[in-house]
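The block underneath contains the structure these notes are about, expressed in structure tokens.
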Amino acid sequence: MSGPRRTGAPNPGDGKDVRAVCVRCGTARPYAVAEPRCACGGLLDPEYDLAAAGVRQDAETPSERYFDLLPLRRPESALHIGDGNTPCVHARVLGARLGLDHLYLKDETLNATRTTKDRMAACVLAVFQEQGVFEFVASSTGNSSTSFAWGLRHIDGMKAHLFAGRDFLDRHQYTDHPGVELHVIDDDFVAAAAAGRAFAAEHGLLFEGGFFNSARREGLKLAYLEAYDEMPLPPAVVFQAVSSGMGVYGAHKGAREYRAMGRLPALPRFVCVQQDSCAPMWHAARDGSDRIRPQHILRHPRGLAKAILRGDPTNTYPYMRAITDDTGGRFAAVSDDEMIRARRWLAEDEGIEVCFAAAAALAGAAQLADRGEIGRDEPVLVNLTGGERDGQADD
Ligand SMILES: Cc1ncc(COP(=O)(O)O)c(C=O)c1O
Ligand SMILES: [Zn+2]
């Protein structure tokens, strides 16, 4: 295709003011998706005028409803790809089983491609369009790339190069679209990401950056804004399965924004759940380490929850550690048996079919409830981030 590939920072006078602020040194600049990091290496977070921000509850789509809290300048840039508007159910039967009277499940399996990553794609693709990015490179363990490929069906003239490790190839769907070019690497998804980055550099394309692309984090945030709005009580504890941590990062940022807007009284404790066969963040935290050390890294991770098989989260762990410290939360690790059991409970008690990553999040809640780390009266929110696709046990 033709057309501009990238533009520079948009004119700040054009539409809503969105600033990008470095979480490390505090430097602020106009938000530009092609600049994911500050010169100091810190993460750049979009910031909004929270005093003026509101939620348009009667809007039909999440990106219209939460437009004031998204890095989009113009309302007409918002994109809907069948993402969001998922129920947050009060799980009475399962809650009784776990000894939790206020257990809420955010059922993200009802997104168009059956994972919460559709929200990420809706936001990223809208921001790309608004900022004149029409060709980009990305990689993932499958769900994010699937959401991107799905999202491309809803816009014209955008091209994505999706890099996949051969072992994760069957987790990539909707790739039979003219805008999608799938690059298969004979290795794992970490190697696929490295190959994608090299390809982008060679061809002068934008590597969309995963965790470091704030539009991803902001899109994922909307699952939580919906949940905070849907729950009759503000959550005291939040659980999500963690790979890089971008979902929990968005959840925490959304909670801070909602607290500043008077929509949440306090921040919940965030619990980042990993599977014990691949739990580098949990190991580092247990060792009291503020960074991932060589002994925490898994070169060839294996596990039931394929979506979260990241053996080396060196670059993102410090941000996740800051969130657990800030909120009195923690990391948790769950076994295969705990995930299998949690998945069965969700199907039997609540009729929700989840992937193992989502099951891990519920297993984390069950583990902490069992240890008495959550009070029976505390409102608990579990993000069921993904469902089964085409009979695959884990997506
Ligand atoms: C279903 C599902 N749950 C959870 C995650 C966790 O991702 P992250 O920690 O990068 O937000 C992923 C990532 O691919 C996923 O696909
Ligand atoms: Zn900085």
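When a residue number appears, it is its place in the shown sequence, counting from 1. Remember, it's 1-based here, ligands and their atoms both numbered in the order they're listed.
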Before we go on, tell me: are the rings of [X] and [Y] under 6.0 Å apart, centre to centre?
X    : Y    : value
Y317 : F331 : yes
F270 : F239 : no
H203 : F199 : yes

[X] neighbourhood, listing ligand 1 atoms whose heavy-atom distance to it stays under 4.0 Å:
X    : answer
M246 : 8 (P), 9 (O), 10 (O), 11 (O)
I308 : 4 (C), 5 (C), 6 (C)
A241 : 4 (C), 6 (C)
V242 : 9 (O)
A307 : 2 (C), 13 (C), 14 (O), 15 (C), 16 (O)
N143 : 1 (C), 15 (C), 16 (O)

Quiz item: T109 side chain to G387 main-chain N or O, any donor-acceptor pair under 3.5 Å?
Solution: no
Quiz item: Between E130 and R74, is there a donor-acceptor pair closer than 3.5 Å when you use the side chain of the first and the backbone of the second?
Solution: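 Pair found, side chain donor or acceptor close to backbone of R74.
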Quiz item: Heavy atoms, side chains only, cut-off 4.5 Å: are R217 and L43 in contact?
Solution: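 With C-beta onward as the side chain, the pair touches.
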Practice problem: Please report the C-alpha distance between L94 and L346 in whole Å, then the side-chain angles of each, then the deciding distance to 0.1 Å, and finally whether the side-chain contact (heavy atoms from CB on, under 4.5 Å) criterion is met. | Solution: CA-CA 7 Å; L94 183 49; L346 283 163; 3.7 Å; yes
Quiz item: Does G245 have a non-hydrogen atom less than 4.0 Å from ligand 1?
Solution: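 Right, G245 reaches ligand 1.
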Exercise. Report yes or no: does a heavy atom of T115 sit under 4.0 Å from some atom of ligand 1?
Key: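 So T115 does not count as touching ligand 1.
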Quiz prompt | Evaluation steps, ring-ring contact (aromatic ring centres under 6.0 Å, His included), between F136 and F207 | solution = CA-CA 6 Å; F136 67 98; F207 185 72; 9.7 Å; no
Quiz item: Which protein atoms of type N, O or S are found under 2.8 Å from the Zn ion (ligand 2)?
Solution: C22 SG, C25 SG, C38 SG, C40 SG
Self-check item: Part of K117 within contact of ligand 1 (heavy atoms, under 4.0 Å)
Solution: side chain
Practice problem: For ligand 1, indicate whether the residue V248 contacts it via side chain, backbone, both or neither (heavy-atom separation under 4.0 Å). | Solution: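 Neither part.
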Exercise. Examine the side chains of H161 and H183 and answer whether a donor and an acceptor come within less than 3.5 Å of each other.
Key: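 There is such a pair between these side chains.
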Quiz item: Could K16 and F67 be counted as a cation-pi pair, given that NZ or CZ must be under 6.0 Å from the ring centre and within 45° of the axis?
Solution: yes
Quiz item: Do R343 and F356 meet the cation-pi criteria used here (NZ or CZ under 6.0 Å from the six-membered ring centre, within 45° of the axis)?
Solution: yes
Quiz item: Counting both backbone and side chain atoms, is some N or O of S144 under 3.5 Å from an N or O of ligand 1?
Solution: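 In fact, backbone or side chain, S144 has no N or O that close.
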Quiz item: Does any N/O atom on G247 come nearer than 3.5 Å to any N/O atom on ligand 1?
Solution: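 Looking only at distances, the answer is yes, because the N/O contact criterion of under 3.5 Å is met.
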Quiz item: Linking I/L/V/M/F/W/Y whenever any side-chain heavy atoms sit under 4.5 Å apart, do L70 and M261 land together?
Solution: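 The answer is yes; both residues are in one hydrophobic cluster.
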